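The next block holds one structure in the form of structure tokens; read it before the comments.
Since the structure is predicted, the reported quantities are computational estimates derived from the model, not experimental observations.
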2 protein chains.
Amino acid sequence: MKETTLKQIAETLGISITTVSKALKNYPDVSAKTRNAVLELAKNLQYTPNSFAVNLRTKESRTIGLIIPEVVHHFFSNVINGIIAEAEKQGYLVIILQSNESMELEKKQVELLLNKRVDGIIISLSNESNGDEHIKEIMRREIPFVQFDKIAKLIPSSKVIINDQKAAFEATEHLIKKGCKKIAHIRGPVNPQNAIDRFLGYKKALEQNQIPFDSKLVYTCQNVTFEEGKTFAKQILADHPDVDGIFAITDLVAVGVLAHCNEVNVPIPQQIKIIGFSNWFMSQVITPKLSTVDQPSYEMGAKSFELLLEEMNARKDGKPFTPRTVELSTSIIERESSK
Amino acid sequence: MKETTLKQIAETLGISITTVSKALKNYPDVSAKTRNAVLELAKNLQYTPNSFAVNLRTKESRTIGLIIPEVVHHFFSNVINGIIAEAEKQGYLVIILQSNESMELEKKQVELLLNKRVDGIIISLSNESNGDEHIKEIMRREIPFVQFDKIAKLIPSSKVIINDQKAAFEATEHLIKKGCKKIAHIRGPVNPQNAIDRFLGYKKALEQNQIPFDSKLVYTCQNVTFEEGKTFAKQILADHPDVDGIFAITDLVAVGVLAHCNEVNVPIPQQIKIIGFSNWFMSQVITPKLSTVDQPSYEMGAKSFELLLEEMNARKDGKPFTPRTVELSTSIIERESSK
DNA sequence: GGTGTTTTCGAAAACGTTTTCGATATATAT
DNA sequence: ATATATATCGAAAACGTTTTCGAAAACACC
């Protein structure tokens, strides 16, 4: 019931471990005869190299780490999908860890991965985090490293992002073109770069369309949940009954807004037009269907791994590596909520 | 820029590697003086044991593998959540692989994990799969192994399941109690045990309530998608205009049914009452809100890891291990679609 | 000072692989 | 025949840790 090793093959064949290893790896300095004998016996004994030993010897594990705020999230689970798929093609396995939007935990997860000696790390920062010590530590150790979506701008790693400001600008302008005059914005927490950028895009769109910006029309999420969407919708209706457009940081929140409006019979899109962000699956099955910004989540994952692979390969060859930033494009999806 | 090793610490302190190792692991046979010296230097040099070496030596990687049909799925992402959370508490990392509902791929993923020498494997079978060779291989190698949700009944491993038949029985009976006389069932593919069991539960509920079973009222999904839900809804309305209840294999399909009914203005629940399965988040935000069977997905993940841990620990201690099956309970959630 | 006990340490083997480099043996050329 | 090139192999080191076992040193006791 023991695992087959090179040693066993070598002994039964009466040759050295070295030769067995070479035969298996197609080294040129082993005769066809011995090679075949080794290959056959290896097959019969179902030999597979002990990856622990290989890891130790080659100093790589063909495993990467991924840290995201949460798995149960349409956007992130799609990203995971893209990363796993791309990684698998290249023979890499993926360890997934969650930060639960906590910087404390994120720090711990980074340490776990560092200690595990993964070949590379991909991360989307938690809301509390922003290029702190633990992120710098990754850079210091020169572990191949890619940030996506929620990034620390100042950390000079590879990055995969969308142009949040531009996308938010377009979303807001979409509402304006549809006739909205007074548009509220439910924004994300203060820290994350993408919440900031989306807010700036919103503001810019107002300014460029001669609509005065009013900070009272901006509501800030703590946890970016469905419930917050409902709460803020109620608040907006109470504070500013003449609001005719709402741009929410993400579809989940927008759906919360929609749910509240449905409950209190505020007609959407007649009285208020709504647009979300990220194109969650849910958005196309609710009533009314939610307009949103399509964000290529699968591609974001795939591209993130691609950049990571570039760096891993470069470092393996001892070549210098300069981080790259890839910006993926977004598009407005018009559905019933802004018709 | 090199990693610190036991050797380095030993040399700078002028002691042996053995003693350093023992000091760090709190062996009793090292004096307080040397221990402290080691501990301090280790801290200063930021020593962390090389996990590749530890793996090789201890023959365990503190890593487990998880194979599921797909990550982008409300149920499975919740399970992942439960597994990762529980694993982390015990110092285990989780490698996630997808079978994409393909047996071919599932087979490959099992091999990957086996070669990677993970300490244990948790799996939910693809629709095409049912205890085939690759699953038996896991058992043969005596790798700690847990199946959940979609299981191969005949494989004697630990299992975490719900009583699909009972849950489906209750769901169907719920519709009956609400007055439905002619209930259609959109079932899952032929292979998976849980699709079979849910179908049997549906059938049994009809029989026990003196409603004749009609195989023409059973529609079989291929891919269990939103689109299939829509398609079958259309078909049901055409084939059997007098159907007044539909029990769908999962919420995603039920939402498809709902979407079609909304499109063609079939009033839900007045004309047809609908119940789904799994309690996806989506179900509570659509119109009308979907009745469903709540399935404790997070707990399923957590429990799966728990059982795996039991087996991993038992095997480590060389103790015999007898697999356990844990059945988690479900509950009917009544919402608008069956009022 | 002898005997026995306890404390503290380190040599060495082992985990299984990869790779370098040198040693044969065989073939080719002069 | 000798010298040179080529084909085939294996010894050994290395990766960094853990653990067994024995040795040495320190201490106790009479």
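Within a 6.0 Å radius of CD in B:E40, no more than 12 heavy atoms belonging to other residues, nucleotides or ligands are found.
Phosphate contact (OP1/OP2 of D:dG10, side-chain N/O of A:S16, threshold under 4.0 Å): present.
Under the 4.0 Å criterion applied to side-chain N and carboxylate O atoms, B:E101 and B:K150 are assigned as salt-bridge partners. Between A:E111 and A:K107 no salt bridge is recorded (no basic side-chain N to carboxylate O distance below 4.0 Å). Ion pairing between B:E311 and B:R324 fails under the 4.0 Å rule for side-chain N and carboxylate O. The existence of a salt bridge linking B:K89 and B:E306 is excluded, since no basic side-chain nitrogen approaches an acidic carboxylate oxygen closer than 4.0 Å.
In this structure, B:K22 places its NZ atom 12 Å from C1' of C:dT7, rounding to the nearest Å. In this structure, the CG atom of B:N26 is 16 Å from the C1' atom of D:dT19, given to the nearest Å. To the nearest angstrom, P of C:dT7 lies 20 Å from CD1 of B:I15.
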Inset, instruction - Apply salt bridge (charged side-chain N to carboxylate O under 4.0 Å, His left out) to B:E104 and B:K108, showing your working. - result: CA-CA 7 Å; B:E104 198 60 37; B:K108 193 184 147 199; over 6 Å; no

So which protein N/O to nucleotides 13-17 of chain D N/O distances come out below 3.5 Å?
| unit_1 | atom_1 | unit_2 | atom_2 | d |
| --- | --- | --- | --- | --- |
| D:dA14 | N3 | A:R57 | NH1 | 3.3 |
| D:dC15 | O3' | A:K59 | NZ | 3.0 |
| D:dG16 | OP1 | A:K59 | NZ | 3.4 |
| D:dT17 | OP1 | B:Y47 | OH | 2.6 |
| D:dT17 | OP1 | B:N50 | N | 3.4 |
| D:dT17 | OP2 | B:L6 | N | 2.7 |

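Applying the side-chain contact (heavy atoms from CB on, under 4.5 Å) rule to A:Q8 yields the partners A:T4, A:T5; only residues at least two apart in sequence or on another chain are considered.
Contact check of residues 27-43 of chain A against DNA chain C (heavy atom, cut-off under 4.0 Å) returns A:Y27.
Within the 4.5 Å cutoff, side-chain heavy atoms of B:F148 are placed close to those of B:L66.
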